[in-house]
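Below: the structure, in structure tokens.
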Amino acid sequence: MAYLPAVVMVGRYFQKRRALAQGLSTTGTGFGTFLMTVLLKYLCAEYGWRNAMFIQGAVSLNLCVCGALMRPLAPQKEGQDAVGRDPQALPAHAATAECAKSRGPRGRAAETEDTRAREEEAVGDLAAPAGPEKAGRAKDMCAFRLLKTVSQLTLRVRKGFWDWYAGYFGAASLFTNRMFVAFIFWALFAYSSFVIPFIHLPEIVNLYNLSEQNDVFPLTSIIAIVHIFGKVILGIVADLPCISVWNVFLMANFTLVLSIFILPLMHTYASLAVVCALIGFSSGYFSLMPVVTEDLVGIEHLANAYGIIICANGISALLGPPFAGWIYDITQKYDYSFYICGLLYLVGIFFLLIQPCIRIIEQSRKKYMGGARV
């Protein structure tokens, strides 16, 4: 819940070098994976798993402090003031306020005195009737204010609902964007393969009698550390003017699939460490996901669109480990889990390639038809 708003806000703050900004802002996930692995082992050994969960929850409460430091930026357009209003279209009372501000402190003081006089006059009108009439007038005013507040709240809720409905199911729906729909299918297939190494690596280490070396420097920590550098380096490369973010994203995905396929073939700690480093580096494309999503749907729909992508990733991460365990129960080998999940990952990448291929074919067809007409 805290990750999505933070990523969206970074996308709103930075329009130049967005990939690098996202990479730097999300490096904390790599640090957290590396540090929490060691910390949780220590806490579970010293205090038990229940108390370790309480301590981890207390650490997570610091997110409230980080969230309180964030401030949204109001979008400004040309010819508008700081709050996004058109100076030529200010209403009458706003124009009066602007004139009062332009007159300086004396003008503002005079306006304040006028406001106070009107308020005192209204209070005098309410206080003029005595006895039951005064009490009845006060009750009527309270009821009127309550009804006005309820009506305003109802209008806001109704407007928010229709905005949400139009964004997801209306004419401006995100699901009318075919490339975005393909991106959702990629997210459903991809993340299940990424979590498989974290699930099966401890068992593979025990299978090949590599526990002593893994205790000195865990393979999952190698993934986490290299993942940090992968986010920053891929962000820098994606921000280069001569390189497309989309191409960097696809190359990182292909590298991750290749690493998942060759991991079961490694039987020594050194070879497993190299493959884990490749997995960590190529998975740095996570920092490019908000940038790619923004390029697909625009900054105004980034929050909803990236929320859908994160939801698809969550579903994939939820179903991936049980599916890999089911494959192991059937085959009694860990290799097939990596191979089948790698194939599913390739299916997800195939969805990403469908729309660009269709676009290239249509462009070549238009060029051919234009040349034939000439």
For Y208, which residues count as a ring pair (Phe, Tyr, Trp, His ring centres under 6.0 Å) partner, sequence neighbours excluded? H267
Non-neighbouring partners of Y334 that pass ring pair (Phe, Tyr, Trp, His ring centres under 6.0 Å), sequence neighbours left out: H200, Y328
Exceeds 12 heavy-atom contacts within 6.0 angstrom, atom [atom1] of [X]:
X: F350; atom1: CZ; value: no
X: M266; atom1: CE; value: yes
X: F261; atom1: CZ; value: yes
X: E46; atom1: CD; value: yes

Path from [X] to [Y] over hydrophobic side-chain contacts below 4.5 Å:
X: I361; Y: F351; value: no
X: I236; Y: M251; value: no
X: I340; Y: L318; value: no
X: I199; Y: F338; value: no
X: L265; Y: L346; value: yes

Starting at [atom1] of [X], measure out to [atom2] of [Y] and round the result to the nearest 0.5 Å.
X: F180; Y: H301; atom1: CZ; atom2: NE2; result: 10.5 Å
X: L201; Y: I204; atom1: CG; atom2: CD1; result: 5.5 Å
X: Y306; Y: T293; atom1: OH; atom2: OG1; result: 6.5 Å
X: L43; Y: K41; atom1: CG; atom2: NZ; result: 13.0 Å
X: C44; Y: L39; atom1: SG; atom2: CG; result: 9.0 Å
X: I315; Y: I310; atom1: CD1; atom2: CD1; result: 12.0 Å

Mind checking what makes side chain to side chain contact (heavy atoms under 4.5 Å, CB included) contact with V237, not counting sequence neighbours? I233, I243, V248
When you compare the side chain of L219 with that of I223, does any pair of heavy atoms fall below 4.5 Å? no
Within a strict 4.5 Å, meaning less than it, do heavy atoms of the F323 and L344 side chains meet? yes
For [X] and [Y], which heavy atoms make the closest approach, and how far apart are they?
X: L288; Y: A238; result: CD2-CB, 3.8 Å
X: N313; Y: M289; result: ND2-CE, 3.3 Å
X: A182; Y: L352; result: O-CD2, 4.2 Å
X: G320; Y: I196; result: O-CD1, 3.9 Å

Donor-acceptor contacts under 3.5 Å from residues 183-190 side chains, at least two apart:
residue: W186; atom: NE1; partner: N253; partner atom: OD1; Å: 3.0

Under 3.5 Å, side-chain donor or acceptor atoms of residues 49-62 against the rest of the protein: list the pairs with distances, not counting sequence neighbours.
residue: N51; atom: ND2; partner: Y47; partner atom: O; Å: 2.9
residue: S60; atom: OG; partner: Q56; partner atom: O; Å: 3.0
residue: N62; atom: ND2; partner: V59; partner atom: O; Å: 2.8

Donor-acceptor pair, T331 side chain versus I327 backbone, under 3.5 Å? yes
Donor-acceptor check, side chain of N177 to backbone of V297, threshold 3.5 angstrom: yes or no? no
With side chain to side chain contact (heavy atoms under 4.5 Å, CB included) as the test, pick out the partner of I260 among L256, L258, V257. L256
Listed pairs under 3.5 Å, donor-acceptor, residues 271-286 side chains, sequence neighbours left out:
residue: S271; atom: OG; partner: T268; partner atom: N; Å: 3.3
residue: S271; atom: OG; partner: T268; partner atom: O; Å: 2.9
residue: S271; atom: OG; partner: T268; partner atom: OG1; Å: 2.8
residue: S282; atom: OG; partner: L278; partner atom: O; Å: 2.7
residue: S282; atom: OG; partner: I279; partner atom: O; Å: 3.3
residue: S283; atom: OG; partner: H227; partner atom: ND1; Å: 2.9
residue: S283; atom: OG; partner: I279; partner atom: O; Å: 2.8
residue: S283; atom: OG; partner: G280; partner atom: O; Å: 2.9
residue: Y285; atom: OH; partner: Y345; partner atom: OH; Å: 2.7

